[in-house]
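Positions are given from 1 along the sequence.
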Amino acid sequence: MNDNASLAFSPSRSNLGGLPQRLVQDGVVNESGMHAALQAATDRKTSFVTQLVVSGTAKARDIAIAAAAEYGVPLFDLDALSVDPDAVRTVSEKLLSKHRMLPLFRRGKRLYLGVADPTNLHAIDEIKFQTGLAVEAIVVEDDKLQRMVDKAIEQAEAQMPNFGDDEGVDLEALEVSGGDEELGAEVGRDEVEDAPIVRFVNKVLLDAIRRGCSDVHFEPFEKMFRVRYRLDGVLKEIAQPPVQLTGKIAARLKVMARLDIAERRVPQDGRIKMRLSKTRAIDFRVSSCPTLYGEKIVLRILDPSQAMLGIDALGYEGFQKEIYLKHLAKPQGMILVTGPTGSGKTVSLYTGLNILNREDTNISTAEDPAEINLPGVNQVNVNNKVGLTFAAALRAFLRQDPDVVMVGEIRDLETAEIAIKAAQTGHLVLSTLHTNDAPQTLTRLVDMGVKPYAIATSVSLIIAQRLARRLCSHCKQIIDVPAEALRKEGFQPNDIAAGLKIHGPKGCQNCTDGYKGRVGIYQVMEVTEDIGRIIMAGGSAIDISDQAIKEGVWDLRRAGLEKVKAGLTSLEEINSVTIE
């Protein structure tokens, strides 16, 4: 039996295990050298693998081979591997420096991490928590790893985050302001201003802004606490903080929004303004709701730049855009935008207001709450607690010489009647309703109790809309769909005969699951004389829809299929947001 084999059975090695034992057993290092390296690594607070390599006790390649064999982990040569910079940026510079590990590449929700010591599970778990990704370890040689980590840190230090100017962002020193509510007395500030909690919350919000998310969800459950982003209309889990932090994270968010942190029994609403630079600030609308295991808090990101995109960026077909602009130019009438929550109604209305926002036009809005600040527009937040309802705000507007009035939502008969009277007396009124399509909007008003003749003489335009995810221009691919399937989906025979090409998602580093951004799908229906007659005769939504089709109005399905034909989105996506 050789010396190495005798070492494997030596009683003095009983305190060795795992990789150290494997290295001694394979003859990479002797027992005394291993004990010395372990002690030195403990004293210097470094990895024993690094200590073995730096001291010259063992070669990095021999250690890597032994580690890969011991734990069944892949072994890569960093000299032959091109490291993905985007993957490196998913881990903070602080963690790179602390743990001396390097993200190599990313595939979907899985991050592949270069490590010299795969037994350092604490470091792997910390990176998993920070990134919100599943982490797979890949063994690499320690000396090459250290050089690559140092290079990555140097590059990170040389680049400032892109927040609209040349200044870096200190996660603990971001300027944050909220509402006017005072803090609850039962919870001390030290509980909610804990530095790690502040950094974590600020990072989550900044990452959401960077990625272009619309909402951030903080959700407590019995045995887990998760954070999800809504990106391009789809919720994605990005982190699972320890469930013990549920209360502290909720309290921190409520402090930022100036909500009562001592009140956890009823829902609360507030706002956060986060100043990213001297020239850019982002508002968040905050809603808290008590659940079984703590308060769920949802933040809606309100980016004023969205209202400045211009009508051409919203996705209207050319003839639809012209109809919208024609009715915006009229001095009176009512324009209604309809669709479910999150369908882009607010952006459509604000785009119209931005077009009308001139020195010679008096514009007033009543909203719950005002989502985007438009200089030059008189915006009012309704407050039912003090009697400032939509109807009350409308009455006040009509005494202040308005030209254009926007009502955030018509919810009841009183608001509807006042808005219709305003539209009939020389004012342009814009508002929203929650219905599935344009014809149903007219019958919904009748159901609310509005007189049919009042609807026919006041409502001039209805826009129903949805948002569909836009295919990534970098990776979208043509997919093969049988002609019979295309016909069943609703495509015209002449389009199919002409060699219609359908695109689908693939996925790359520039997008999320093959999609990036969203595009609007619209049904733009003018209330013509013929449609007005149907309303006054008590016609149904089906009757109105049939007449609209005769007049050339595209329904949402037709508008969606046109977006598929243009290669802007996928058939699967259109099927998810429209009815066949």
Practice item. Start with the C-alpha gap between T131 and V91, add the side-chain angles, then the distance that decides, and say whether side chain to side chain contact (heavy atoms under 4.5 Å, CB included) holds. Key: CA-CA 6 Å; T131 61; V91 177; 3.8 Å; yes
Exercise for review: Mind running side chain to side chain contact (heavy atoms under 4.5 Å, CB included) on I502 and I478 for me, showing each step along the way?
Suggested key: CA-CA 6 Å; I502 304 296; I478 296 176; over 6 Å; no
Point to revise | Derivation of the side chain to side chain contact (heavy atoms under 4.5 Å, CB included) call for T512 and V234 | key: CA-CA 10 Å; T512 303; V234 179; over 6 Å; no
**Study point:** Test log, rule side-chain hydrogen bond (donor to acceptor under 3.5 Å, both in side chains), inputs Q477 and H503
**Key:** CA-CA 5 Å; Q477 57 187 353; H503 292 79; over 6 Å; no
Point to revise | Pair T57-Q51, side chain to side chain contact (heavy atoms under 4.5 Å, CB included): steps then yes or no | key: CA-CA 8 Å; T57 307; Q51 180 61 35; over 6 Å; no
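Atom CD of E572 has 12 or fewer neighbouring heavy atoms from other residues, nucleotides or ligands inside a 6.0 Å radius.
A salt bridge links K296 with E219; the closest basic N to acidic carboxylate O contact falls under 4.0 Å. Using a 4.0 Å cut-off between charged nitrogen and carboxylate oxygen, K236 and D513 count as a salt-bridge pair. Electrostatic pairing of R300 and D215 counts as a salt bridge here, judged by a charged N lying under 4.0 Å from a carboxylate O. A salt bridge does not link E573 with R470: none of the charged nitrogens is closer than 4.0 Å to a carboxylate oxygen. Classification of D283 and R271 as a salt-bridged pair holds, one side-chain N sitting under 4.0 Å from a carboxylate O. By the 4.0 Å N-to-carboxylate-O rule, E126 lies too far from K128 to be salt-bridged with it.
A485 is linked by a side chain to side chain contact (heavy atoms under 4.5 Å, CB included) to V481, P482, counting only residues two or more places apart in sequence or in another chain. Among residues two or more places apart in sequence or in another chain, the salt bridge (Lys or Arg N to Asp or Glu O under 4.0 Å) test is passed with E141 by R61, K144.
Under the 4.5 Å side-chain criterion, counting only non-hydrogen atoms from C-beta, R100 is not in contact with T50. With a 4.5 Å cut-off on side-chain heavy atoms, I521 and E562 do not count as touching. At a threshold of 4.5 Å between non-hydrogen side-chain atoms, the residues Y229 and I301 do not count as touching. A 4.5 Å side-chain heavy-atom check between V286 and L253 finds every atom pair outside the cut-off. Side-chain contact check for D26 versus R22: some heavy-atom pair is nearer than 4.5 Å. In this structure the side chain of N575 reaches within 4.5 angstrom of the side chain of E489, judged on heavy atoms. Side-chain contact between V88 and L96 is present, with at least one heavy-atom pair separated by less than 4.5 Å. S32 is not listed as a side-chain neighbour of H35, based on a closest heavy-atom distance of 4.5 Å or more.
In this structure, SG in C213 is found 4.5 Å from CG in L231, a value given to the nearest 0.5 Å. In this structure, I261 CD1 and S288 OG are separated by 12.0 Å, a value rounded to the nearest 0.5 Å. Here the NZ-SG distance, from K476 to C511, works out to 12.0 Å after rounding to the nearest 0.5 Å. With rounding to the nearest 0.5 angstrom, the CG atom of L104 is 9.5 Å from the CG atom of D84. One finds the CD1 atom of I297 at 10.5 Å from the SG atom of C289 (value rounded to the nearest 0.5 Å). Between the CZ atom of R258 and the CE atom of M256 there is a distance of 9.5 Å, given to the nearest 0.5 Å.
Relative orientation of the F129 and F200 rings is parallel, given thresholds of 30° and 60° on the angle between their planes.
Across all their heavy atoms, F284 and L299 have their closest contact at CD2-CD2, 3.9 Å. Nearest heavy atom pair, residue G504 against residue S570, reads CA-CB, 4.4 Å. Minimum interatomic distance between L471 and P505 (heavy atoms only, all atoms of both residues): CD2-N, 3.6 Å. Contact detail for G114 and V140: the closest heavy-atom pair is C-CG2, 4.1 Å. Shortest non-hydrogen contact noted between A116 and L145 is N-CD2, 3.6 Å. Here the closest non-hydrogen pair linking F491 and V564 is CZ-CG1, 3.8 Å.
Between T569 and Y515, the side chains place no donor N or O within less than 3.5 Å of an acceptor N or O (distance only, hydrogens not considered). Side chain to side chain, Q146 and D150 fail the donor-acceptor criterion of an N or O pair below 3.5 Å.
Side-chain N or O atoms of K565 include none that pairs as donor or acceptor with a backbone N or O of G560 at under 3.5 Å. Between the side chain of Q268 and the main chain of E263, a donor-acceptor pair closer than 3.5 Å is present. A donor-acceptor pair under 3.5 Å is formed between the side chain of K254 and the backbone N or O of D260. The backbone N or O of G344 lies less than 3.5 Å from a partner atom in the side chain of Q465, making a donor-acceptor pair. The closest donor-acceptor contact from the side chain of K248 to the backbone of I197 lies at 3.5 Å or more, if one exists at all.
The stretch residues 106-120 participates, sequence neighbours left out, in these side chain to side chain donor-acceptor pair (under 3.5 Å) pairs: R110-E136, D117-T119.
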